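Here the structure is laid out as structure tokens; the discussion comes afterwards.
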Amino acid sequence: MKPGTWKLGDAPVGDRPTFLAHALEMSLRYGAGPWPEEAQLLPDEPPRTDDGGVFVSTAVLDGIRTHHFAPGSDPGAVGELADLMQSLVTAPPHPGDLARLHERAADPPALDIADALLDELRRRRLPRDRLHAVGRHLAEHGTRRNATKIGLVLVGACGDTRDRGLLLLLGALEEFTLYAVVALTRTQPDPQRAAYELARRVRDWGRIHAVERLEGCDDPEIKAWLLRDGFRNGIMGEYLAHLAATTGDLYSALLESDIDDDLLDGAGGILSALALGGPAKDMTDYADAVPALSRYAELIDWHGATIDRLNHLLGIVWFLRRPLEGLDWSDDDLQVLRDRYEELLRQPRWQDLVLDHLADPFREDFAAALWTASRLGLPVVPQAMTYLDLNPLDQHAWHVAMENATPAEATLLTGLAERLLPLEELADGPADHLGFGPGREADWILSSLVNSLGAFPGTGLPLIRVGLATRITQIRRAALNALSAWPAEAVPEEALGWVRAALPGEPDDEVREQMAALTAGRTR
């Protein structure tokens with residue numbers, strides 16, 4: 001084959017929609033990003049059925065595996081893909097060869113083969129420019145997500161500055177952010193600026209993957225962003241809090257004479273996330289923890305009260321009362337900080353703030369204030385009931401209310417649930433159903449309420465009846481647990497009759513055994 005005669009062309013690999021076309025459409029519709037959740041549903045997404053299965057996207061699986069498990073391996077797939085690529089780049093390319101490569105690359109998880117595949121391709125000394133062309137083609141024309149990821153891997157290994165736009169565009173889809181940001185850091189002359197640009201376009205696992213590439217950055221703009229917004233993500237703030245505190249130099253930033261609200265609120269979010277402990281580095285790993293917490297206490301004392309600041313304060317107080325294992329502070333440092341933060345928390349302005357929020361059920365942040373009030377030990381059930389009358393499908397509000405209810409209030413809450421929830425629609429079982437399908441918010445609420453009833457003997461019998469008849473196995477189990485927790489005199493014969501009637505049709509062996517044990521033990 002003569003030099004210069006090899007040309008891959010623009011032959012498609014199938015007739016399905018490409019991810020690049022989807023990303024272009026989302027970019028035109030929503031701008032650079034972050035895009036709304038529906039934009040992250042990709043063209044090859046399997047239909048979500050209401051069969052009880054729990055849907056976990058491959059973007060989430062990649063995030064969990066990269067942070068908590070060692071990647072798998074598939075030597076057979078690596079060898080086959082390397083053979084296909086070698087045939088493709090050492091002979092006149094044929095559309096059929098591209099299609100075969102695309103379909104073979106679609107099968108194994110890209111995370112399991114990416115590094116090994118690159119090692120194998122280097123060993124074979126294949127021409128980089130042709131591998132780059134193959135990678136671009138898979139990225140631009142791919143219709144199967146793992147094949148597109150392999151394309152991005154090739155672009156990262158063989159590409160250059162001309163790939164920046166493609167990588168940023170596909171990287172705005174959370175499914176591809178990990179592969180796009182690695183490629184950006186390998187191909188761009190300003191790798192951290194490129195990773196920063198992509199990090200601002202995503203919010204969930206993509207934000208985590210991109211921000212992790214900023215560790216050790218000394219760019220003042222990026223450091224300031226990390227402290228104010230960059231650590232925030234839709235998964236867990238704990239994943240990025242330590243990186244933001246150290247790379248962003250949180251303590252030095254807090255010593256500045258002019259502290260803006262965004263920095264103060266970012267600092268609170270970072271410090272309270274570090275206080276939680278895990279799944280990443282936490283307060284025990286933060287060398288500036290004591291001086292940073294001391295300075296933050298001064299600043300909070302001087303600045304106005306907000307619900308977010310109170311929640312941050314509560315998180316830090318909780319940590320100081322129950323320090324994380326492995327914390328190597330001196331006893332004096334711990335005691336001084338504990339006393340200082342307890343004094344802050346006793347300030348009347350926090351209680352006044354929460355009660356003011358709870359007085360208006362139409363406030364957008366009412367639910368957040370409800371949870372905060374419960375942490376302060378304030379009464380919340382009357383305000384929650386007023387709010388639930390307006391927002392009957394707010395599962396969080398039901399949970400907080402029941403968690404803080406007295407027996408009399410629990411009776412009122414279960415009565416409210418009987419009035420507001422479509423209970424008869426929920427009695428649609430039994431079935432061996434594991435999940436809570438779309439549009440079934442009331443299932444979550446019923447589960448939360450029934451799980452609470454063991455502490456309130458004789459309360460919520462209509463909810464128990466529906467719980468025994470629902471399609472969701474864990475709710476039926478929770479209803480039985482509640483009845484089993486009640487003293488015998490609190491369980492009416494009618495309820496035992498519901499259990500006996502349900503027993504023959506119960507599809508779950510363990511639940512059926514629990515039903516039999518309950519009725520045998522409560523025979524009158």
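These numbers come from a predicted model, not from an experiment.
In this structure, Asn391 contributes its side chain and Asp394 its backbone to no donor-acceptor pair below 3.5 Å. Without hydrogens or angle criteria, His22 side chain to Ala39 main chain gives a donor-acceptor distance under 3.5 Å. Distance alone, capped at 3.5 Å, is enough to place a donor-acceptor pair between the Thr246 side chain and the His242 backbone. No donor-acceptor pair under 3.5 Å is formed between the side chain of His399 and the backbone N or O of Gln395. No donor-acceptor pair closer than 3.5 Å links the side chain of Ser447 to the backbone N or O of Asp443. Between the side chain of Trp486 and the main chain of Leu453, a donor-acceptor pair closer than 3.5 Å is present. At distances below 3.5 Å, not a single donor-acceptor pair connects side-chain atoms of Asp229 with backbone N or O atoms of Trp225. Asn233 places a side-chain N or O within 3.5 Å of a backbone atom of Met236 that can act as its donor or acceptor partner. With hydrogens and angles disregarded, a donor-acceptor distance shorter than 3.5 Å links the side chain of Glu409 to the backbone of Thr406. Checking side-chain atoms of Arg213 against main-chain N and O of Ala195 turns up no donor-acceptor pair under 3.5 Å.
Residue Ala180 comes nearest to Gly171 through the heavy atom pair CB-CA, 3.6 Å, listed as atom of the first residue, atom of the second, then distance. Nearest approach of Pro43 to Phe19, heavy atoms of both residues: CD-CD2, 3.7 Å. Looking at every heavy atom in both residues, Met283 comes nearest to Ala289 through SD-CB, 3.7 Å. A pairwise comparison of heavy atoms in Leu240 and Gly230 identifies CD1-O, 3.8 Å as the closest pair. For the pair Thr143 and His102, the tightest heavy-atom approach, listed with the atom from each and the gap, is N-NE2, 3.1 Å. Pairing each heavy atom of Val466 with each of Leu423, the nearest pair is CG1-O, 3.5 Å.
A salt bridge links Glu25 and Arg29; the closest N-O separation between the charged side-chain nitrogens and carboxylate oxygens is under 4.0 Å. Between Lys149 and Asp62 a salt bridge is recorded (basic side-chain N to carboxylate O distance below 4.0 Å). With respect to the salt-bridge test (charged N to carboxylate O, under 4.0 angstrom), the residues Glu212 and Arg207 do not qualify. With salt bridges taken as basic N to acidic carboxylate O contacts below 4.0 Å, one links Arg440 and Asp428. Of the charged side-chain nitrogens involved, at least one lies within less than 4.0 Å of a carboxylate oxygen, so that Asp509 and Arg512 count as a salt-bridged pair. The pair Arg346-Glu343 fails the salt-bridge criterion, with no side-chain N (NZ, NE, NH1 or NH2) lying under 4.0 Å from an Asp/Glu carboxylate O. The pair Arg16-Asp44 does not count as a salt bridge, with every side-chain nitrogen at least 4.0 angstrom from each carboxylate oxygen. A salt bridge is absent between Arg144 and Asp107; no separation between the charged side-chain nitrogens and carboxylate oxygens falls under 4.0 Å. Contact check on Arg232 versus Asp265 returns no salt bridge, with no Lys/Arg side-chain nitrogen under 4.0 Å from an Asp/Glu carboxylate oxygen. Salt-bridge annotation for Asp389 and Arg419: present, with a side-chain N of the basic residue lying under 4.0 Å from a carboxylate O of the acidic one. The pair Glu494-Arg465 does not count as a salt bridge, with every side-chain nitrogen at least 4.0 angstrom from each carboxylate oxygen.
Put simply, the side chain of Ile316 reaches to within 4.5 Å of the side chain of Tyr296, judged on heavy atoms. For the pair Trp371 and Ile307, the minimum side-chain heavy-atom distance is 4.5 Å or more. Two residues are said to be in side-chain contact when any heavy atoms from C-beta on lie closer than 4.5 Å; Leu337 and Trp329 meet this criterion. Using a 4.5 Å cut-off on side-chain heavy atoms (C-beta onward), Trp35 and Ser27 make contact. Inter-residue side-chain proximity for Phe319 and Leu276 is flagged as unmet; no heavy-atom pair is nearer than 4.5 Å. With contacts defined as side-chain heavy-atom distances shorter than 4.5 Å, the pair Leu518/Ser484 qualifies. Annotation: side chain of Trp350 is in contact with side chain of Leu313 (closest heavy-atom distance under 4.5 Å). Contact of the Val153 side chain with the Val182 side chain is not registered, since no non-hydrogen atoms from C-beta on lie closer than 4.5 Å.
Side chain to side chain, Asp331 and Gln335 fail the donor-acceptor criterion of an N or O pair below 3.5 Å. Side-chain polar atoms of Asn311 and Thr372 form a donor-acceptor pair below 3.5 angstrom. No donor-acceptor contact under 3.5 angstrom links the side chains of Thr306 and Asp308, judged on distance only. Under 3.5 Å, the side chains of Asn481 and Gln514 contain a donor-acceptor pair of N or O atoms. Side-chain atoms of Asp365 and His357 include a donor-acceptor pair closer than 3.5 Å. In this structure, a donor-acceptor pair under 3.5 Å is present between the side chains of Thr58 and Glu175.
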Checklist entry - For Asp360 and Tyr387, what are the C-alpha separation, side-chain angles and deciding distance, and is it a side-chain contact (heavy atoms from CB on, under 4.5 Å)? => result CA-CA 9 Å; Asp360 182 3; Tyr387 172 79; over 6 Å; no

Item to check | Stepwise salt bridge (Lys or Arg N to Asp or Glu O under 4.0 Å) test for Asp260 and Arg228 | outcome: CA-CA 10 Å; Asp260 57 89; Arg228 291 163 175 80; 2.8 Å; yes

Checklist entry - Stepwise, does the side-chain contact (heavy atoms from CB on, under 4.5 Å) test hold for Ile150 with Ile113? => result CA-CA 9 Å; Ile150 292 299; Ile113 63 170; 3.8 Å; yes

Next on the checklist: Applying side chain to side chain donor-acceptor pair (under 3.5 Å) to Asn451 and Gln474, what does each step give before you reach the verdict?
Outcome noted: CA-CA 10 Å; Asn451 270 299; Gln474 74 177 61; over 6 Å; no

Checklist entry - Going through the checks in order, is the side-chain contact (heavy atoms from CB on, under 4.5 Å) test met by Trp398 and Leu416? => result CA-CA 10 Å; Trp398 284 106; Leu416 186 67; 3.9 Å; yes

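With rounding to the nearest 0.5 angstrom, the CG atom of Leu496 is 5.0 Å from the CD atom of Glu493. One distance of note links CZ of Arg375 with CG of Leu314; it measures 4.5 Å at 0.5 Å rounding. Between the CG atom in Leu358 and the CG atom in Leu378 there is a gap of 7.5 Å [rounded to 0.5 Å]. In this structure, the separation between CG on Asp282 and CG on Leu324 is 5.0 Å, given to the nearest 0.5 Å.
Applying the 6.0 Å contact sphere to CD of Glu325 captures no more than 12 heavy atoms from other residues, nucleotides or ligands. Within 6.0 Å of the CD atom in Glu425, the count of heavy atoms belonging to other residues, nucleotides or ligands does not exceed 12.
Using cut-offs of 30° and 60° for the angle between ring planes, the Tyr239 and His67 rings count as perpendicular.
A cation-pi arrangement is absent between Arg500 and Trp498, since the terminal nitrogen or guanidinium carbon is not both under 6.0 Å from the aromatic centre and inside a 45° cone about the axis.
Screening Leu446, Leu480, Leu463, Leu468 for a side-chain contact (heavy atoms from CB on, under 4.5 Å) involving Ile475 leaves a single residue, Leu446.
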